[in-house]
**Q** 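Below is a structure I'd like to ask you about.
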Number of protein chains: 2
Amino acid sequence: MVKQTFLNLPKEKRERIIEIAIEEFASKPYTKASLSNIVNRAGIAKGSMYQYFEDKRALFRYLLELAAQEKLAFLKEAEVNSDVNFFETLEKVMLAGFRFNLAHPQLSRIVANAMEGTGEAVIQEFMMSGRKMACEYFMELLKRGQEGGEVSPDVNVRLTANLLNRILGEGLADYILEIMEVDLHEFLTKPEIAQNISEDTIKNIVNEAIRFLRNGLEAQS
Amino acid sequence: MVKQTFLNLPKEKRERIIEIAIEEFASKPYTKASLSNIVNRAGIAKGSMYQYFEDKRALFRYLLELAAQEKLAFLKEAEVNSDVNFFETLEKVMLAGFRFNLAHPQLSRIVANAMEGTGEAVIQEFMMSGRKMACEYFMELLKRGQEGGEVSPDVNVRLTANLLNRILGEGLADYILEIMEVDLHEFLTKPEIAQNISEDTIKNIVNEAIRFLRNGLEAQS
DNA sequence: CAGTCATATGACTACCTGGTCATATTGTAC
DNA sequence: GTACAATATGACCAGGTAGTCATATGACTG
């Protein structure tokens, strides 16, 4: 899908192209994102792009893989160790996802775009498999939590995994946008907004979300 | 935006056009959905469509308004009365949303598509105001719940409202697709799948989700 | 120098889109 | 039947797209 030619490119050029492609695909839905636009902005010929990638889908998919890779790096850094305490693990996963969102708002926007459907079958399959992996991970986590006695045996593991998926993904992202009082466009075009959110703020939000997941909403009687 | 001409149309024709438009916009992202396609399938001339709606956005927006209207009807039917018990209210709202999703899978797909961005400013504004309304409703609900002593005073109302928004929306929808073991396309094109989900199944899922929201995941010690 | 291979190029094609408009058809009232 | 307004029509336009390909430019080898 990515052609060797692209990988042979000098790092600088490669990164410039990718950066511009990310901007394009983050700022509009897949179908509206334009290769002509990208090549013009990057100062390369249309034909060159097709020496680098099979087609539009291949480029987009490359960006998605890049996003996955980057997110995984954040998870690695968080030293997630699924063996220990369930809620601690969940907290680390949430924190890592959060940091990824703030460090790469455009990449995470691209993923969100791809999630709701680009109209390209190959992309949808790719996203579906990613979604499934995430859900299975949460399910595994929940099961172990139940075995360890931390998580109530009553919870429906599959249902909860799906809810966690949306909570950690879009749910938190929505909230951040709301409290920062910026619209999506601002958030994407001014990376300093995301970068300037303090470590404390992030930890606070995560703590509150974890408390919600732990205890629910009901007042303790 | 909708022109009088369209509203003057015989009910039958009007409904046929709308039905086909819904199919088109539900089956592909906004940009890829094609007016030419719709008019061909509906057996009317392209120009006629522009006698009915200002432009593509207007038609799409009309569908969104129709979806909102329909969903509101389900909420009305659920006899949601925000004054009483918080969790009961939440349950009714959840049930109504669920039933709407199953009764109108294509409409709810269109809403989801629109949510993640069509690239049209006017549509985004419309969706954003809808999202805000939903969030504010949940916030109001949560606040009253706290005042009534049902909801823990510790919960971050704004955060929780955002999470509820995603849980009741996409979260449950994801789960349904997973347990039915169908992909989105099947679910949209074969309405009998959604229709055949038993009342018991629905109530069970809602109960489980409510229990999760009530008590959280942690085992009671 | 010549020869060979990887890379770069941008004019070009084929296609499809949203949207328009002069014309034709219909319905209605007198 | 005639006059008038509402509605329907589809050929047409301008604009944009993804993707191609013959040609040009390097860059490296002997």
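Numbers restart at 1 for each chain; the letters A, B, ... are given by sequence-line order, proteins then strands.
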**Q** Given atom CD of A:Q51 and atom C1' of C:dC5, what is their separation to the nearest angstrom?
**A** 13 Å
**Q** side-chain hydrogen bond (donor to acceptor under 3.5 Å, both in side chains) with B:R14: which residues, sequence neighbours excluded?
**A** none
**Q** Using side-chain hydrogen bond (donor to acceptor under 3.5 Å, both in side chains) as the criterion, list what pairs up with B:R166, not counting sequence neighbours.
**A** A:D174, B:E170
**Q** Calculate the interatomic distance between B:I38 atom CD1 and D:dT9 atom P; express it in whole Å.
**A** 16 Å
**Q** Starting from P on C:dG18, measure out to OH on B:Y52 and report it in whole angstrom.
**A** 18 Å
**Q** Tell me: CD1 of B:I123 to P of C:dG18, nearest whole Å?
**A** 14 Å
**Q** With the sugar-phosphate defined as primed atoms, P, OP1 and OP2, and the base as all remaining atoms, what B/S/- string results for nucleotides 23-29 of chain C, 5' to 3', for protein heavy atoms under 4.0 Å?
**A** -------
**Q** B:K28 has an atom NZ; how far is it from atom P of C:dC16, in whole Å?
**A** 12 Å
**Q** Could you pull out all residues at least two apart from B:Y175 that satisfy ring-ring contact (aromatic ring centres under 6.0 Å, His included)?
**A** none
**Q** Which is it for A:E178 and B:N162 under the side-chain hydrogen bond (donor to acceptor under 3.5 Å, both in side chains) test, yes or no, and what are the steps along the way?
**A** CA-CA 9 Å; A:E178 216 176 285; B:N162 275 283; 3.2 Å; yes
**Q** In whole Å, what is the span from the CD1 atom of B:I17 to the P atom of D:dT7?
**A** 13 Å
**Q** Could you note down all residue pairs passing side-chain hydrogen bond (donor to acceptor under 3.5 Å, both in side chains) where residues 68-77 of chain B supplies at least one of them, sequence neighbours left out?
**A** B:E70-B:H104
**Q** In chain order, what residues pass the ring-ring contact (aromatic ring centres under 6.0 Å, His included) check against A:Y62, with sequence neighbours excluded?
**A** A:F6, A:F53
**Q** Identify, with sequence neighbours excluded, every residue that meets ring-ring contact (aromatic ring centres under 6.0 Å, His included) alongside A:F60.
**A** A:F25, A:Y30
**Q** Take atom CG of B:N40 and atom C1' of C:dT17, then tell me their distance rounded to the nearest Å.
**A** 13 Å
**Q** Which atom pairs link the protein and nucleotides 13-18 of chain D when you take only N or O atoms and keep those under 3.5 Å?
**A**
unit_1	atom_1	unit_2	atom_2	d
D:dT17	OP1	A:S34	OG	3.0
D:dA18	OP1	A:A33	O	3.2
D:dA18	OP1	A:K56	NZ	3.2
D:dA18	OP2	A:L35	N	3.1
D:dA18	N7	A:K46	NZ	3.2

**Q** When you measure from every atom of DNA chain D, which of residues 3-10 of chain B have a heavy atom less than 4.0 Å away?
**A** B:T5, B:N8, B:L9
**Q** Which residues pass the salt bridge (Lys or Arg N to Asp or Glu O under 4.0 Å) test with B:D183, not counting sequence neighbours?
**A** none
**Q** Going by the rule side-chain hydrogen bond (donor to acceptor under 3.5 Å, both in side chains), which residues pair with A:N101 if we only count those two or more places apart in sequence or in a different chain?
**A** A:S108
**Q** Should we count CD of A:E181 as having more than 12 external heavy atoms under 6.0 Å?
**A** no
**Q** Side-chain atoms of residues 44-52 of chain B: list all donor-acceptor pairs with protein atoms under 3.5 Å, sequence neighbours left out, distances to 0.1 Å.
**A**
unit_1	atom_1	unit_2	atom_2	d
B:K46	NZ	B:S36	OG	3.4

